[in-house]
Colleague: 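Can you read through this structure? Questions will come right after.
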Amino acid sequence: MYNESILMKRGENMTEIARFYDDFQPSHYDIYLDIDRGTKKIKGTTRITGIAKSANIAIHQKNLKIDLVEVNGEQSKFEIDTTKDALRLTMDKLGKVEVKVEYETKLTDSMMGIYPSYYEIDGVKKQIIGTQFETNFARQAFPCVDEPEAKATFDLALKYDEKPGELTLANMPENRVEDGVHYFDTTVRMSTYLVAFAFGELQGKYAETKSGVKIGVFATKAHKANELDFGLSIAKRSIEFYEDFYETPYPLPHSWQLALPDFSAGAMENWGLVTYREAYLTLDPDNTSLEMKQLVATVIAHELAHQWFGDLVTMKWWDDLWLNESFANMMEYVAIDALEPEWRIWETFQASESPAALQRDATDGVQSVHVQVKNPAEIDALFDGAIVYAKGARMLVMVRALIGDDALRAGLKNYFEEHQYDNATGADLWKALGKASGMDVLKIINSWLEQPGYPVVTAKVEDDDLILSQKQFFIGEGHDQGRQWQIPLNSNYDEIPTIMSEKEVKIAGYQNLREKKGEPLRINIGNSSHFIVKYDDTLLEDILRDVTGYDSITQLQILQDLRLLAEGNQVSYETIVPLLNKFADSKYALVNTALYSVARNLRKFVTPHTVEEQNLKALYNKLSAHQVDRLGWIQRVNESVDDQLTRPYVVGAAIYGNNKTAVAQAHELFSANKNQLSSLQADVRAAILINEVKNFGSHELFNKLLEEHRRSADGSYKSDICAALTSSKDPAILNELIDKFEDADTIKPQDLRAWFAGVLSNAEGEQLAWDWIRNEWQWLEDTVGGDMEFTTFITVIARVLRTEERLAEFKEFFEPKLVVPGLTREIKMDTSVIESRVKLIAEQQNGVNKAIKEVL
Ligand code: BES
Ligand code: ZN
């Protein structure tokens, strides 16, 4: 899944990364931790057995207060170098050595390292302890060579201020408890960033795979027991699927899934103990939208894909992080498509990953999928989700389409066999896939992997020649460097080359081809390659003549490519507006997704509280009216997947469009369920709550919803409340809401960005939210500054601002921060994003508004 939570991460310093593995190669760790939740103090002893290759070795540590170091049983002098997170030692002799470190540290409150997650049951505050070590936070828990290549085995022993009934979980099963110390079985050879443990008042549910792997799902007792069932079933079946698909057994005795109330990312593939945001693991099986179920399923399948690709075979260094993430991002769809074929989950891929990648990758200055990493800030800046996840997955989908599943599986099997319990690079994967398929995969893939951006292929007919040409596609100013790609064209016309490497190809006798084929020319069928197509007027007319006759992906693609071309100012939105009505009654969820994505993009052209805004609302109303009538608010039994996925879009559109009947119906549903709002049907709950807050809002309602939010452990319900409250039209309420932004008991730091984004994109709240973030930047930095979410606050701002004045304010505020490593690229790109939007609005606004009026 392309998830908003991973876009980018921020760095601290620009020094070259010190790599310690060359000088010291650990083979085994004995880790003992004694954790006191009351004082937050941790006492630790770590024994590392390894090979010293140099007289001067270094071991990573961060924020550890080191009391004693022994080398081979003798107390040793040591030095701490905080700039490199290093504990430096001098060896008397090279070769095998045992280093023992005694230290003290504290629970962090940053969702990194060993940290508490806070939650409430019946007003009583509680916490569970968990860990997050990727990318480099293991060093905050125990001294180690904290590099993915430094694989070793681990013996973990845990003691804590335990109370009866608490559960203790780790990568491996518990071996024994002695004097209150939990000892776990020795792990297999693995990287430090995958070590994990957790403890607290947890509930669990268990299952077993056909091959005998124990599966478990765990969460706090704030959840109803049946909220664990869906995840358990998906996890079990995913492990079974991968064992079969990879033809490689799952190598550990168990696969635990644990939901943590505080979680910075979306989920984390710790080997044998995968951790999740609660919203991405637990769900109410009786009242959760299909969209959310699909999301949870793909997240689980993603992390479990990593148990092989990432955990068993790990990237050698962080520059190949894309290898882990792009691959897992593709496999989550491969797996779920096999587990739940009726969902047609590849359509969801087209609805979420494709637009995310195509949008972000069109901004000049974007990173390539593979990025060289030399200093810490660069590791941190690797996590551009739209690129590393979405584009990377699209790239691998392209590879899969080229070589086929049989070669993919055969290649993977070899890759796992050759590199298991070890590391690999991108080149190793291409080699394995190349060997299995007999194709030079790297040659084709290199242009996509190493170059930023993607091409627009222009198709035009001149003097009966069909001419195809490629050129980098930009939204906003772009510096054309003449980049070229090896493009799998996937046309329905056999005469079109399979791969286009040239800048331009010419095919004679278009009319003949057209007649012979009997259908319009199409390129990039299935939208499986990462490029867009610009057809000339004749070719486009040919396609549009019977556009609703195509399959759903094709219809989405046509709308999506046109939308992108409009964003890139290569066609006008004015010409797209008249097409929208054609798609309005589509029975395909995917087409509705694409339709409302175009519609949403029209909002930037209308100024709030004007006739133009009224017209756009009328258009939304017109587009959605039939569908709202057809689908209604209440789910029928045995409803099709498409209908289930379409309903939230159309009722949302009707509420935005002030459809009188819909507004009244939603209000009625609200009133009828006043005392049990969470049991409002989940797929329309957001629309009902938004309607209520917007059109019937009061202080009383505000307080009620906020209280519901505080009390609920249902992630979907909480995010519906967030959507509703942030859409209030009442400045007093919005102000009160913003006052809660810094109150972690009400809005957890992990959720803050969604609340901020909600208020910012609300016309009544824009100024308030924009002022808040500029005034509170220091607080934000102190609170989530080390977090992977941090730069995404800027991304969110750039999605909303749309005037000259705001652009100037954005620059005034962020330009001085360009020097902060890890922020540089994001600020530059976002400046360009806002600039291009301001320009687009200036150029197209009148035309668009005229076109909207004409289609009403
Ligand atoms: N390994 C990542 C999480 C991660 C990446 C943590 C980089 C720290 C640094 C995990 O597998 C992942 O991709 N999580 C996603 C959810 C996933 C389903 C797309 C996330 O956290 O958004
Ligand atoms: Zn991942």
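Everything numeric here is computed off the predicted structure, so don't read it as measured data. Whatever order the structure lists them in is the order used to number ligands and atoms, beginning at 1.
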Colleague: Go through the steps to decide whether Leu339 and Phe241 satisfy the test side-chain contact (heavy atoms from CB on, under 4.5 Å), and finish with yes or no.
Modeller: CA-CA 8 Å; Leu339 301 189; Phe241 171 79; 4.1 Å; yes
Colleague: Would you say ligand 1 has an N or O under 3.5 Å from any N or O of Glu303?
Modeller: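 N/O-N/O distance under 3.5 Å: yes.
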Colleague: Is the Lys NZ or Arg CZ of Arg394 less than 6.0 Å from the centre of Trp448's six-membered ring, within 45° of the axis?
Modeller: no
Colleague: Return yes if a side-chain donor-acceptor contact under 3.5 Å exists between Gln257 and Ser255, otherwise no.
Modeller: yes
Colleague: Evaluate His302 for polar contact with ligand 1, using N/O atom pairs at a separation under 3.5 Å.
Modeller: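 There is such a contact, yes.
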Colleague: Considering distance alone, does some N or O of Asn329 sit under 3.5 Å from an N or O of ligand 1?
Modeller: no
Colleague: What is the minimum heavy-atom distance between Trp322 and Val388, and which atoms define it?
Modeller: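 Result for this residue pair: CA-CG1, 3.7 Å.
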Colleague: Any nitrogen or oxygen of Ala265, main chain or side chain, under 3.5 Å from a nitrogen or oxygen of ligand 1?
Modeller: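 Ala265 vs ligand 1: no N/O contact under 3.5 Å.
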Colleague: I'd like to check the side chain to side chain contact (heavy atoms under 4.5 Å, CB included) partners of Asp337; sequence neighbours left out, ordered by chain and number.
Modeller: Ile345, Trp346
Colleague: Please check whether Thr135 reaches ligand 1 - meaning an N/O of the residue sits under 3.5 Å from an N/O of the ligand, judged on distance alone.
Modeller: no
Colleague: Tell me, please, which residues at least two apart from Glu450 pass salt bridge (charged side-chain N to carboxylate O under 4.0 Å, His left out).
Modeller: none
Colleague: Can you tell me if Ser326 and Asn329 form a side-chain donor-acceptor pair at under 3.5 Å?
Modeller: no
Colleague: Identify, with sequence neighbours excluded, every residue that meets side-chain hydrogen bond (donor to acceptor under 3.5 Å, both in side chains) alongside Thr275.
Modeller: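 For Thr275, the residues satisfying side-chain hydrogen bond (donor to acceptor under 3.5 Å, both in side chains) (neighbours in sequence not counted) are Asn270.
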Colleague: Yes or no: does Ala267 have any heavy atom under 4.0 Å from an atom of ligand 1?
Modeller: yes
Colleague: So what's near the Zn ion (ligand 2), protein N, O or S atoms under 2.8 Å?
Modeller: His302 NE2, His306 NE2, Glu325 OE1
Colleague: Within a distance under 4.0 Å of any heavy atom of Gln132, pick out the atoms of ligand 1 and give their elements.
Modeller: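 So the answer, numbered in order with elements, is 6 (C), 8 (C).
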Colleague: Would Arg409 pass as a cation-pi partner of Phe245, given that its NZ or CZ must be under 6.0 Å from the six-membered ring centre and within 45 degrees of the axis?
Modeller: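 Pair Arg409/Phe245 counts as cation-pi.
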